Undergrad: 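Before we start, here is the structure in question, set down as structure tokens.
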Amino acid sequence: LVHKANIMKITDGLFMQVAKRVSKDYPELEHNNMIIDNCCMQLVSNPWQFDVMILTNLYGTIVTNLICGLIGGPGVISGANIGPRYALFEPGTRNTGTALVGMNKANPCAMLNASADLLSHLKLDYHAGLIRDSVDKTVNVDKIHTEDLGGQATSIDVVQNVLNHIKAAAK
């Protein structure tokens, strides 16, 4: 559980109390808590210690932006918000890339990966795999990179290369 209860005593304090109470229903799961500041430092220095993180919306945005920055940038990583009735799939970061709208420069991989996550969630694993494999080949084999990854490719260049891989694999 990630919080800032040392400062946000009422809201995050309540969040911690409820999470601790719910954790008693699942004794087989280890439950710990960490202040958001330390969490960010730990994610940079020792990310392997984390398995599942419980965060509020604000801390979730902070942590996902940090993680995306560590492992490829905002244009690569997808995110999922899965609840008991609904699921939402999106790029892993929020509020990034708005300056690139209409310029054909944004990296579409995060949105493509989010679409593969959606298909997996719907148990359409073959289709999800086609997209994931095609994005992976585009970035890691063909080295088709947008500016955020140090390349010169446009958004359309990336999408077209992914489509070419999908077409080739689906034959």
Side-chain angles (χ1 to χ4, degrees), residues 1-2 19 22 26 28-31 39-40 42-44 46-171:
L1 176 84
V2 180
V22 170
Y26 303 92
E28 69 279 9
L29 300 178
E30 183 179 342
H31 174 79
C39 175
C40 290
Q42 294 294 323
L43 281 166
V44 172
N46 185 21
W48 303 274
Q49 68 183 293
F50 297 100
D51 184 20
V52 174
M53 300 171 76
I54 303 169
L55 307 103
T56 62
N57 185 276
L58 172 63
Y59 306 142
T61 298
I62 292 167
V63 167
T64 55
N65 285 354
L66 173 75
I67 292 169
C68 287
L70 289 172
I71 59 175
V76 179
I77 307 303
S78 60
N81 302 282
I82 300 172
R85 295 183 60 199
Y86 304 102
L88 172 88
F89 302 89
E90 62 185 343
T93 62
R94 296 189 189 135
N95 304 317
T96 57
T98 54
L100 301 176
V101 171
M103 299 175 67
N104 196 25
K105 292 183 175 185
N107 187 336
C109 292
M111 186 59 77
L112 293 169
N113 286 326
S115 70
D117 294 343
L118 169 65
L119 292 170
S120 287
H121 182 73
L122 296 173
K123 308 287 188 238
L124 297 169
D125 296 324
Y126 171 76
H127 300 89
L130 278 177
I131 294 171
R132 277 199 189 97
D133 291 346
S134 298
V135 171
D136 181 65
K137 287 176 185 171
T138 295
V139 173
N140 296 311
V141 176
D142 302 332
K143 306 291 185 192
I144 308 293
H145 296 163
T146 49
E147 288 181 25
D148 62 313
L149 298 178
Q152 299 299 316
T154 65
S155 307
I156 292 171
D157 294 335
V158 173
V159 170
Q160 190 58 57
N161 201 76
V162 169
L163 286 171
N164 292 342
H165 280 295
I166 291 171
K167 288 175 187 175
K171 285 184 179 181

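None of these values were measured; they are calculated from a predicted model.
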Undergrad: If you define the side chain from C-beta out and look only at heavy atoms, does anything of Phe50 sit under 4.5 Å from Gln42?
TA: yes
Undergrad: Should we count CG of Leu29 as having more than 12 external heavy atoms under 6.0 Å?
TA: yes
Undergrad: Are side-chain heavy atoms of Thr154 and Met103 found at a separation under 4.5 Å?
TA: no
Undergrad: Measuring only between side-chain heavy atoms, which start at C-beta, is Leu43 closer than 4.5 Å to Met53?
TA: yes
Undergrad: Looking at every non-hydrogen atom in both residues, tell me the closest pair between Cys109 and Val139 and how far apart they are.
TA: SG-CG2, 3.7 Å
Undergrad: Roughly how far, to the nearest 0.5 Å, is OG1 of Thr146 from CG of Leu149?
TA: 4.5 Å
Undergrad: Give the C-alpha distance, both sets of side-chain angles, the deciding distance and a yes or no for side-chain contact (heavy atoms from CB on, under 4.5 Å) between Leu112 and Val162.
TA: CA-CA 9 Å; Leu112 293 169; Val162 169; 4.0 Å; yes
Undergrad: Find out whether Thr138 and His165 are in side-chain contact, i.e. whether some heavy atom of one side chain is under 4.5 Å from a heavy atom of the other.
TA: yes
Undergrad: Considering non-hydrogen atoms only, spot the tightest contact between Pro91 and Ala114 and give its length.
TA: N-CB, 4.3 Å
Undergrad: Would you say Ile144 and Gln160 make side-chain contact, with heavy atoms under 4.5 Å?
TA: no
Undergrad: Looking at every non-hydrogen atom in both residues, tell me the closest pair between Cys40 and Ile62 and how far apart they are.
TA: SG-CG2, 4.0 Å
Undergrad: Got Val63 and Leu55 here, is their nearest side-chain heavy-atom distance under 4.5 Å?
TA: yes
Undergrad: Could you tell me which non-hydrogen atom of Ser115 sits nearest to which non-hydrogen atom of Ile131, and how far apart they are?
TA: OG-CD1, 3.8 Å
Undergrad: Taking all non-hydrogen atoms of both residues into account, name the closest pair between Cys68 and Ile77 and its distance.
TA: SG-CB, 3.5 Å
Undergrad: Is the side chain of Asn113 donor-acceptor paired with the backbone N or O of Val76 at a distance under 3.5 Å, no angle test?
TA: yes
Undergrad: Has the side chain of Thr93 got a donor or acceptor atom that lies under 3.5 Å from a matching backbone atom of Asn65?
TA: no
Undergrad: Among Asn161, Asp136, Val158, find the residue that satisfies the side-chain contact (heavy atoms from CB on, under 4.5 Å) test when tested with Asp142.
TA: Asn161
Undergrad: Closer than 3.5 angstrom, by distance alone: can the side chain of Lys123 be matched with the main-chain N or O of Ser120 as a donor-acceptor pair?
TA: no
Undergrad: Please find the pair of heavy atoms, one from Ala116 and one from Ala128, that lie closest to each other, and give the distance.
TA: O-CB, 3.3 Å
